[in-house]
Amino acid sequence: MLQLFKFKGGVKPQTNKAQSVTEPIGIAPLPSRLFVPLHQSIGGTPRPLVAAGERVLKGQLIGAADGWISSAVHAPTSGSVRAVAEHIAAHPSGLTTLSVEIEPDGKDEWVERQPIDYAAMAPEAVRERLREAGVVGLGGAVFPTHGKLSASKTVAMDELVINGAECEPFITCDDLLMRERADDMIRGVGIFRDLLQPKRVLIGIEDNKPEAVAALSAAVARLGEKFEVVAVPTRYPAGGAKQLIRVLTGKEVPSTKRSTDLGVQCFNVATAYTAWRAIAHGEPVVSRIVTLTGNVERPRNWEALIGTPLSEFVALGGAKADTNGYLMGGPMMGFEMPAMDAPLIKATNCIIAGSPTLFPPKAPEMPCIRCGECAKVCPHELQPFEMYWFARAKNFGKTQEYKVFDCIECGCCSFVCPSRIPLVQYFRFAKSEIWAREKEKNAADSAKARFDWKTARDEREKAEKAEKLAKAAAAQAAKKAAEAAAAAAAATGGEATPAAASAASGDAPVDAEAVKKAAIAAAMARAKAQREAALPKNTDHLTPAQQKDIAEVDARRHEAGIESAPEAGPAAEEMKP
Amino acid sequence: MDFSTPPYLLKNASVQRVMLQVMAALVPGIAAYVWIFGPVILVQLAIATAAALAGEAAMLKLRDKPQSMFLADGSAVVTAWLIALTFPPLSPWWLVVTGTLFAIVIAKHLYGGLGQNPFNPAMVAFAVCIVSFPALMSQWPAVGLKIDFADQLGIVFGTFPRVDALSGATPLDTLKTALKLEEGQFSVAALLANQDVFGFFAGRGWEWVTGGYLIGGLWLWQRGIISWHAPIAFIAGLSLLSGALWLYNPSQFANPLFHLFSGGAMLGAFFIVTDPVSGCTTPKGKLIFGFAAGTLAYLIRVFGGYPDGVAFAVLLLNICAPLIDRYTQPAIFGMKDAS
């Protein structure tokens with residue numbers, strides 16, 4: 001029996017999972033339209049490969065991964081591309097995102113699928129294949145899976161953790177997947193195991209899902225694997241990657257490190273399933289299992305196509321009359337879908353129809369009484385009330401001191417707060433402010449560096465010119481003196497000696513003066529440069545906006561080719577003696 | 001459905017529920033109080049409550065804050081009850097009102113209201129009144145004093161003369177005075193045996209009241225409203241010092257049990273040093289806060305000029321709380337090896 005560890009904190013909200021597990025996974029009918037966003041994973045936005053009017057087949061690549069951390073996007077069914085245009089995103093902001101609109105033709109005709117035997121392939125090729133198949137973390141973070149399948153070069157891989165905890169209330173899509181598609185899921189875990197070569201494979205499932213535990217144990221035995229299927233105590237957020245890793249291995253992954261640095265890596269069960277489908281069946285990720293629950297007549301899990309508009313999906317469940325909104329994700333970390341035509345995406349594990357009875361309006365926010373409940377339940381052992389205090393005061397440096405970036409936004413603190421303070425919102429606010437400032441500061445720093453460099457270069461050039469001038473004048477004078485001397489020498493013994501002497505003596509002083517002048521000019525230029533380097537310039541403390549303006553002006557000048565012209569002109573003239 | 005921010009599920013918790021539970025936890029102590037000293041304490045509780053709510057309402061209006069939400073949060077009532085329970089039960093009504101208004105208006109609202117007060121308002125009230133009205137604040141009814149309820153009310157409202165019989169001292173005071181006056185003549189043991197202010201192991205009657213606070217405090221701990229750190233540390237601080245001195249010279253110093261169950265020790269341990277707003281919030285900080293408060297309370301109570309030291313000890317520690325918190329921040333998830 002595996003020794004389990006505990007993570008501190010956590011809460012036990014009502015699970016509300018029983019409603020949606022009575023029916024098997026249903027296959028959602030083809031919707032009338034699909035809106036497939038190109039950007040569905042962490043990392044680069046895939047480039048669209050299709051244009052309006054084109055016919056696409058199910059599984060056809062429509063967005064190519066852009067960069068290594070990026071993941072491809074495919075047509076969820078066959079049909080014609082209506083548009084490649086901005087469409088409302090499944091995001092609380094209500095912003096739009098570049099999406100491929102497809103009108104299904106009803107045939108659901110696949111492209112030619114190419115199953116591969118990954119055992120015969122190099123690991124890089126397998127990772128590339130997963131990237132091309134659009135396999136991303138389906139637990140909600142949608143991090144490209146291939147990017148997590150390289151072990152640390154220095155630390156041996158001890159454990160591969162497979163996350164079937166599904167700790168958020170209401171959500172049952174992983175539960176049903178494990179019950180019904182255990183074999184393929186376990187085979188997918190096999191791929192991850194082969195790529196990472198861990199010493200142990202641990203599959204963690206909250207102990208409120210005994211059917212899933214049984215199904216996976218049976219599948220593991222059937223397939224002759226040595227994976228350990230472990231029931232972990234039900235306590236939100238046991239399904240947080242860091243929490244599950246802690247419970248199963250005792251390791252705490254700090255925010256400053258990657259889990260592979262500690263010899264452990266974690267994947268969601270649905271990710272393992274899609275990885276197997278991609279490798280062994282050549283099927284890219286074009287659908288996923290989505291729980292439809294909450295205030296609906298028929299709560300159930302559906303295998304729905306990516307891009308299905310929310311309105312058509314919720315029609316499957318029959319929303320009750322008092323439904324007043326839809327959540328994507330769970331009630332702890334989810335968000336309200338911004339519109340009914342926002343699409344289901346790879347990150348959509350659950351849609352909850354909300355009602356005033358299901359999620360009653362929150363009572364007004366009260367002042368913090370520092371009761372410390374939030375600190376008690378924080379799974380990362382932070383002091384949320386202190387961070388709140390400083391975030392409220394916009395003292396963001398202090399929020400960082402209190403480790404705001406270790407906050408995983410699980411919502412436990414807000415859940416228990418007797419003053420009903422939306423703590424997580426304050427921490428998101430602090431984080432985004434800090435990010436924005438850092439960005440601004442970086443921009444300002446590079447603008448300042450550019451500006452300083454340019455000023456220094458100008459000064460240097462001026463000094464160099466002056467010195468050159470001095471040298472040229474000196475050379476000229478020397479030459480003239482030499483000529484005069486030569487002339488004098490030539491005239492030696494001649495009658496014109498006084499004239500030559502007078503010419504030499506007359507010319508020489510003039511040239512000496514020019515040398516002196518040039519030397520003085522050079523010294524002055526050097527002194528000026530030194531002075532300017534020492535004194536603060538009025539350009540030292542510019543606002544980012546001003547610096548941006550300056551940078552733009554410089555750029556324009558540079559483009560127009562006038563940057564050096566005003567200096568070149570007089571300098572060139574000066575050069576003429 | 002409130003879609004503004006996740007989480008959309010919230011635990012059924014509110015400031016009001018917290019405060020109601022604190023009030024409920026005071027009930028056993030209050031019941032014993034009534035049993036021993038008569039129902040006049042209920043009148044004092046009512047006076048303090050009324051004054052607190054009036055002060056709160058006035059300040060909320062001045063500060064342009066929502067009235068009903070804050071009046072119903074129960075924090076002012078808890079402050080009022082703690083004041084009534086720490087003042088002598090036959091204090092004149094205006095003394096209780098003065099203390100309560102000072103607590104609510106000055107100690108609470110002038111610092112920003114609920115959650116913002118650096119000092120425990122009830123302890124501020126006690127400190128202000130004992131400094132300003134030392135005689136009245138030291139008049140504790142002798143146990144067994146038979147005055148009927150009507151006369152008690154008369155005393156509180158000034159229609160009945162404050163007879164000498166009232167000016168009994170607390171057991172703590174009696175002990176201190178006797179030991180000071182009759183230096184070397186009386187031993188603690190002899191005093192405890194002879195004087196009728198002393199009961200089985202602490203002040204007569206007070207044993208029951210403080211025992212009631214202990215029961216209420218344990219219930220609060222069991223409910224998760226308070227953590228064990230500050231009360232245990234307070235009790236440890238008080239016991240360690242009193243125990244050491246008692247072992248050193250049992251005829252000069254009372255035993256720890258006497259100290260724990262006399263004066264404001266139990267109320268302080270479970271209801272005062274546990275105040276989250278003015279106290280420490282980190283586990284280590286709570287331990288330091290509680291231990292230092294217990295030690296200081298003993299020093300002030302035994303060697304200082306006041307009959308009890310809990311209020312001053314707590315106020316002094318309130319000043320230190322932010323600093324203590326600053327330096328006792330616990331290591332966070334994944335960072336324990338580093339620190």
Side-chain angles (χ1 to χ4, degrees), chain A residues 7-8 11 13-14 169 242 246 252-257 324-325 327 329-336 352 354-356 358-364 366-373 375-376 378-383 385-386 402-403 406 409 411-412 414-420 422 424-425, chain B residues 1-19 21-22 65-66 68-70 72-75 78 112-117 224-227 229-230 274-283 285-286 321-322 325-326 328-338:
Chain A
F7 67 92
K8 283 198 180 154
V11 295
Q14 270 210 317
K242 291 184 177 184
R246 163 77 194 161
E252 292 187 0
V253 183
S255 61
T256 49
K257 280 188 182 167
N324 61 354
L327 286 184
M332 298 299 286
M333 293 182 77
F335 59 86
E336 186 189 9
I352 307 173
S355 75
L358 201 55
F359 304 119
K362 287 175 195 168
M366 298 267 293
C368 170
I369 55 167
R370 299 168 62 83
C371 64
E373 279 298 306
K376 237 195 271 177
C378 178
H380 279 249
E381 297 159 66
L382 305 172
Q383 304 283 309
F385 59 92
E386 299 279 14
Y402 281 90
K403 308 284 193 291
D406 282 75
E409 303 177 11
C412 287
S414 308
F415 178 77
V416 298
C417 179
S419 292
R420 276 105 32 170
V424 175
Q425 293 312 106
Chain B
M1 182 164 179
D2 185 348
F3 272 126
S4 52
T5 67
Y8 302 99
L9 278 183
L10 294 184
K11 197 178 160 187
N12 190 7
S14 68
V15 174
Q16 191 187 41
R17 279 172 73 98
V18 172
M19 296 299 168
Q21 291 181 75
V22 175
K65 298 277 176 190
S68 57
M69 183 171 96
F70 282 108
D73 70 27
S75 62
V78 167
L114 180 66
Q116 313 289 311
N117 47 291
I225 302 288
I226 60 173
S227 78
H229 302 82
T274 52
D275 172 25
V277 175
S278 59
C280 284
T281 50
T282 64
K286 286 175 183 170
D325 274 345
R326 177 77 186 76
T328 53
Q329 285 299 318
I332 68 163
F333 183 91
M335 303 281 192
K336 281 157 201 156
D337 304 333

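Treat the numbers as computed from the prediction; the structure is a model and nothing was measured. Just so it is clear: chains get the letters A, B, ... in the order the sequence lines come, proteins before strands, and each one is counted from 1. Reckoned from all heavy atoms, side chains included, excluding hydrogens, waters and symmetry mates.
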Heavy atoms only, distances under 4.5 angstrom: which of A:Ser419, A:Ala363, A:Gly334 has the most pairs with chain B? Name it, please. A:Gly334

Region of A:Met332 in contact with chain B, defined by heavy-atom distances below 4.5 Å: both

Residue pair B:Tyr8 / A:Leu327: nearest heavy atoms and the distance that separates them: CE1-CD2, 3.2 Å

Chain B contact via A:Pro379 - side chain, backbone, both or neither, heavy atoms under 4.5 Å: backbone

When only pairs under 4.5 Å are counted, which of A:Glu409, A:Gln14, A:Lys242, A:Met333 shares the most heavy-atom pairs with chain B? A:Lys242

pair A:Pro367-B:Phe70: side-chain heavy atoms closer than 4.5 Å: yes

Kindly compute the distance separating CD (A:Glu381) from NZ (B:Lys336), expressed to the nearest 0.5 Å. 3.0 Å

Is A:Glu252 reaching over with its side chain to a backbone N or O of B:Gly334, donor-acceptor style, under 3.5 angstrom? yes

Not counting sequence neighbours, which residues clear side chain to side chain contact (heavy atoms under 4.5 Å, CB included) with B:Lys11? List them please. A:Glu373, A:Phe415, A:Val416

Are any of the side-chain heavy atoms of B:Met335 and A:Pro254 separated by less than 4.5 Å? yes

Only pairs of heavy atoms separated by less than 4.5 Å count here; which of B:Gln329, B:Arg17, B:Met69 has the most with chain A? B:Gln329

Over all heavy atoms of both residues, which pair between B:Val277 and A:Ile369 is shortest? Give the atoms and the distance, please. CG2-O, 3.4 Å

Quick check: do B:Leu9 and A:Pro169 have side-chain heavy atoms less than 4.5 Å from each other? yes

Quick one, B:Pro6 and A:Gln425 - any side-chain contact, counting heavy atoms below 4.5 Å? yes

For the residue pair A:Arg370 and B:Gly115, what are the closest heavy atoms and their distance? CD-O, 4.4 Å

Rounded to the nearest 0.5 Å, the CE atom of A:Met366 sits from the CG atom of B:Asp73 at a distance of 4.0 Å

Okay, A:Lys257 and chain B: the region with an atom under 4.5 Å from a heavy atom over there is neither

Counterpart residues, side chain to side chain contact (heavy atoms under 4.5 Å, CB included), relative to B:Thr328 (two or more places apart): B:Thr282, B:Lys284, B:Ile288, B:Ile324, B:Asp325

For B:Val15, is it the side chain, the backbone, both, or neither that has a heavy atom closer than 4.5 Å to a heavy atom of chain A? both

So what's closer than 4.5 Å to chain A heavy atoms on B:Gln116: side chain, backbone, both or neither? side chain

Closest approach of A:Lys362 to B:Pro7 (non-hydrogen atoms, all atoms of both residues): NZ-O, 3.2 Å

